[in-house]
4 protein chains.
Amino acid sequence: MKKDKPKYKQIIDAAVVVIAENGYHSSQVSKIAKKAGVADGTIYLYFKNKEDILISLFQDKMGQFIERIEQETTSRQTAEEKLLTLVETHFEQLAADHHLAIVTQLELRQSNKELRSKINQVLKRYLAVIDQILEEGIKEKLFRDDLNRKLVRQLIFGMMDEAVTNWVMKDQRYHIGDQAKEVHSFIINGLTLHKS
Amino acid sequence: MKKDKPKYKQIIDAAVVVIAENGYHSSQVSKIAKKAGVADGTIYLYFKNKEDILISLFQDKMGQFIERIEQETTSRQTAEEKLLTLVETHFEQLAADHHLAIVTQLELRQSNKELRSKINQVLKRYLAVIDQILEEGIKEKLFRDDLNRKLVRQLIFGMMDEAVTNWVMKDQRYHIGDQAKEVHSFIINGLTLHKS
Amino acid sequence: MKKDKPKYKQIIDAAVVVIAENGYHSSQVSKIAKKAGVADGTIYLYFKNKEDILISLFQDKMGQFIERIEQETTSRQTAEEKLLTLVETHFEQLAADHHLAIVTQLELRQSNKELRSKINQVLKRYLAVIDQILEEGIKEKLFRDDLNRKLVRQLIFGMMDEAVTNWVMKDQRYHIGDQAKEVHSFIINGLTLHKS
Amino acid sequence: MKKDKPKYKQIIDAAVVVIAENGYHSSQVSKIAKKAGVADGTIYLYFKNKEDILISLFQDKMGQFIERIEQETTSRQTAEEKLLTLVETHFEQLAADHHLAIVTQLELRQSNKELRSKINQVLKRYLAVIDQILEEGIKEKLFRDDLNRKLVRQLIFGMMDEAVTNWVMKDQRYHIGDQAKEVHSFIINGLTLHKS
DNA sequence: GATGAATGAGATTTCATTCAT
DNA sequence: TATGAATGAAATCTCATTCAT
């Protein structure tokens, strides 16, 4: 597929909007084509089939999503700051594109195991970013090292994901960005009441 | 619908197995009927439509799931113990029924927003259980009270959910129960290295 | 497939007419269904797919076709008489059902090699009938025995087939039955001028 | 159309190979263009449409085919010899180009009635060659004159055609040329055992 | 003449649901 | 209650053809 052609992006962007507005199952190829301003058949010059639009969409958008998070976190000093930035950037990016938020949190999960597997490939890169921050924190003697890092990074992702999903299910009626600090605080300190 | 008749349960149980084994999109009503040993038409004497099977399945199975968690946690003394029991019972129950695990973690998410909304209704009861434990912990001066409880209970659910989903995606090849203590420890203490 | 149900025959018969009148490529399943007086989906209760209609049609109709030829030829005494009866019955049967003639001579050949292969299976039975007549004729010291029988039966079939195809291509504007005696005479005596 | 340009032949030859190897229905215009080393659009500078490729292919190849038969038969003395040469040359030419054999015997028949009609136009010239040999044989008092010549020439064509088709269907695993003498003998003498 | 990206009409097949028995 | 044969709407994808460059 020719990923550098403008029509490729045109179709991806149309797909995000159409899927967000109509739901995955009501997003016929013809609807996406119409929104993209191309003929139905043109879709198939750029994508193998309908599912390939979804996969490409996810790879494309999540690629940018993670890249942005990588950039932002790198510029911070401590692991704790990096983690806060990660949560903030995660929330902000999805808050900034409410169509994309619907697609990633709801519609993209309506896919079969095979597609989910490919989605997970993309997420591995995100988990690696979290992992690195954890490693830094441990080296800094700031984070505990008695927990399975692979598990912890999943848990952190699970928290952010659930927070965003809930916000989308609630029709994005509050500011998800406002929750970043609390989520970060919970990740860092857990539930226990620590005397400072 | 006649929820007390044996055929009602028969169909629900068949649906869990069929969906787990074939995936949501390959689970035709006729396949479920065959597994349940009834005629296609009989399904519609007990359920309004196909979606109603899914909702009923979730209500039925999740009802028992949460009930069991309520029972187990009640018998514990402290909020911390209750939380550990909650995580353990959550993991154990899904580990004990691998068909149900597949259905709740993967296949049931392939439904539309409307169905997800009904599923969330059921989950509210679960969130209430978590909420109560949080409240107790705060009263016991064990848990911090500076966090939005509604958010925190979501985050806790998100962690467990992600842990189980990952285990299912990895074809249940490890013991999810083994992660309960670590998840609990992470929830309680967070990432920070606390001097004991 | 349930070949004894009346709907099975209904669909086959509709298919013959629709294909004869519209040509194979313009014979949509929906057109056949309409002619048969059933819903589109009903077709698929009796046939695996569209091609299966064609195969079944051929097996069904050709089965009867060959059976009739077997019956008619059996009742004749000499191999020569049997051969005449075979040619006559071949021509008569197709002359009696002009829709079927179009389908077997033109439309059914528009199929891929796989289907042709299945068609050839059916024709084997016909070739066997010719073969037996040849054998009898040789035993009667009436037919020469210096020719490869497998080849000769093909040639005989080829002659009749070409005669019928030509008649169909000419829109069945003459009586194909009138050619039976000449075809028979040519098969028996060939081109050579024999002094009687 | 510009039939003398090299690209015209290039495309025809590519079409023979592509159709023989992929079958008629899998022989997209783009595939033929690729094989011919031209752009899709270029095809339409030389042919009106896809069907025109087929017709031109048949006219071109069959033109040569018949020409060769005309040449070879002319050089023979008697009608009987000419007929043997005709059968031999028919078989030999198709044996020499197995791609063409597949195309003429199988794939080209998968066309609609309209195309078949045009194909028949081409065949008329072939039938005329046979006709002339028959006429000569009758004049020579070698062939009987009690048969409809138009019918007989069809029957002769039908025999050769069926023999070749069977050979192609059997994946050309035997030497079709070996059958020429027998076919000729059968045409000349028929089935009857003549005392010499 | 040559290109090849874009077009868009069109048909098979599935499957949730119904209803006469 | 229970059945299961019949329904029919609906959508992906292909590919011959065009036309701006």
Options F/dA6, E/dT12, F/dA2, nucleotide nearest the side-chain atoms of B/K7:
F/dA2
Base, sugar-phosphate, or nothing for C/V29, non-hydrogen atoms under 4.0 angstrom?
base
From NZ of A/K34 over to P of E/dA6, roughly how many Å is that when rounded to an integer?
20 Å
Is there a Watson-Crick or G-U wobble partner for E/dG10 with both distances under 3.5 Å, and if so, which one is it?
F/dC13
Between D/V122 and D/I66, which heavy-atom pair has the shortest distance, and what is it?
O-CD1, 3.7 Å
Does any N or O in the side chain of D/D60 come within less than 3.5 Å of the main-chain N or O of D/S56, such that one atom is a donor and the other an acceptor?
no
Could you identify the nucleotide paired to F/dG4, looking across every strand shown and requiring Watson-Crick or G-U wobble geometry with both distances under 3.5 Å?
E/dC19
Checking D/K50 against D/Y24: charged group under 6.0 Å from the ring centre and within 45 degrees of the axis?
yes
Taking for each residue the nucleotide of DNA chain E bearing the nearest heavy atom, is the 5' side occupied by C/N49 or by A/G37?
A/G37
Counting heavy atoms from C-beta on, name the nucleotide in F/dC13, E/dA5, F/dA2 closest to the side chain of A/D40.
F/dC13
State whether C/Y46 places a side-chain N or O below 4.0 Å from either non-bridging phosphate oxygen (OP1 or OP2) of F/dA6.
yes
Any idea which of F/dT3, E/dA16, E/dT12 is nearest the B/K50 side chain?
E/dA16
Of the candidate nucleotides F/dT3, E/dA6, F/dA16, which contains the atom at the shortest distance from the side chain of D/Q28?
F/dA16
Pairwise distance NZ(D/K118) to CG(D/L54) - rounded to 0.5 angstrom
11.0 Å
How do A/G41 and C/T42 order along DNA chain F: which one's closest nucleotide is nearer the 5' end?
C/T42
Tell me which nucleotide among E/dT13, E/dT7, E/dT3 gets nearest to the side chain of A/V38.
E/dT7
Closest to the A/Y44 side chain, choosing from F/dT7, E/dA11, F/dT12
F/dT12
When rounded to whole Å, the CD1 to P distance for the pair A/I43 and E/dA5 reads 16 Å
